[in-house]
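Comments concern the structure below.
Order of appearance sets the numbers: ligands from 1, and atoms from 1 within every ligand. These numbers come from a predicted model, not from an experiment.
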Amino acid sequence: MNTFSSKTRKQQAIYAEALKWHIDAGADEAINDIPTNFLALTKTAKQSSESDKTLPTNSVNEFSKNEPKTQKKSSINLNTNNENFETAEKLAEKSLSLSSLKRNISKFEGCRLKSTATNLVFGAGQVEADVMFIGEAPGREEDRDGAPFIGVSGQLLDLMLSYIGLSRDQNIYITNILPWRPPGNRHPTDTEVASCMPFVKRHIQLVSPRVLVLLGGAAYKALTNNSEGITRVRGKWFEYEQPVLSKAETQIIPTVATLHPAYILRQPAQKKAIWKDLISVRNRLNNIN
Ligand code: URA
């Protein structure tokens, strides 16, 4: 009997260890009660995953070393004719302040990530900041606490920013392309990103920063519709153009993409590259102030 219960305890310890291993690896969400038979997926499912490869249009001019270039052609198929995108656009349009934008995002049912997330992760920092950082999507800690970039990659970012005189307590604003965590930290699909883009654009309009920094390839792709690799495009400044709220004017925001801090944690040898980009951000801010 004793042998049996100690064996059971041993077994339980092994299961607990296996569960912890999965959670540490990011697989910490049970999505469906019933397992999906992926072998039985129909043509319709395949078609809908293909329609996932669509993103909304943006107005972006690329330039490098301060030399304006002609508008870069998108390498992604654009399709904004879906109902969820239109609903998001309407909700975004009627958001005249950051608090109303947050409220309106929380009413939005057009992004399936909402159903598996614990909290809406909106933004943090100074609403009058000169510089706005945009990441990809919340992770586990962000989802748990409802605040962006508070996990290890956020802590690394905060540390790096402190060396160039930037912090969310003083002079930056930070948010993500997606306000809800993708389960298990998987990459968001293009459809999920597209349905939330009107909110991201409104967020930028409301903060109206003088410099925009995109953290990682996903944020770059979402804002530019360009799927070129982040290691090729990082550090190259370009113009992000947007209408000024309640004025018949447009605002041009100097924008740069850099490596995501989570990538730096995995590839420490890339620290040099992100430092170079952050110094370039510091210099640009010094020039506009
Ligand atoms: N990674 C992101 O892109 N955003 C967060 O908020 C946290 C991690």
inquiry  = Show me which atoms of ligand 1 lie under 4.0 Å from any heavy atom of G135.
reply    = 3 (O)
query = Looking only at distance, does S153 have an N or O less than 3.5 Å from an N or O of ligand 1?
reply = no
request  = Would you mind reporting whether Y240 and Q251 have side-chain heavy atoms less than 4.5 Å apart?
outcome  = no
inquiry  = One thing to verify: whether E192 and R186 come together as a salt bridge, which I'm taking to mean a side-chain N less than 4.0 angstrom from a carboxylate O.
reply    = yes
Results of salt bridge (Lys or Arg N to Asp or Glu O under 4.0 Å) for E109 - residues two or more places apart only = K114
query = Under 3.5 Å, N or O to N or O, is A137 touching ligand 1 that way?
reply = yes
note = Sorted by chain and number, sequence neighbours left out, ring pair (Phe, Tyr, Trp, His ring centres under 6.0 Å) with F133 holds for none
message = List ligand 1 atoms under 4.0 Å from E136, heavy atoms only on the residue side.
response = 2 (C), 3 (O)
Option among V207, N104, L91, L96 that satisfies the side-chain contact (heavy atoms from CB on, under 4.5 Å) test with R202 = L96
ask   = Can you tell me which residue and heavy atom of the protein come closest to atom 4 (N) of ligand 1, and the distance to 0.1 Å?
value = N176 OD1, 2.7 Å
inquiry  = Out of all atoms in ligand 1, which are within 4.0 Å of some heavy atom of H260? Include the element for each.
reply    = 1 (N), 2 (C), 3 (O)
inquiry  = With heavy-atom distances below 4.5 Å as the criterion, would you say the side chains of Q126 and I172 are in contact?
reply    = no
inquiry  = Any nitrogen or oxygen of P148, side chain or backbone, less than 3.5 Å from one on ligand 1?
reply    = no
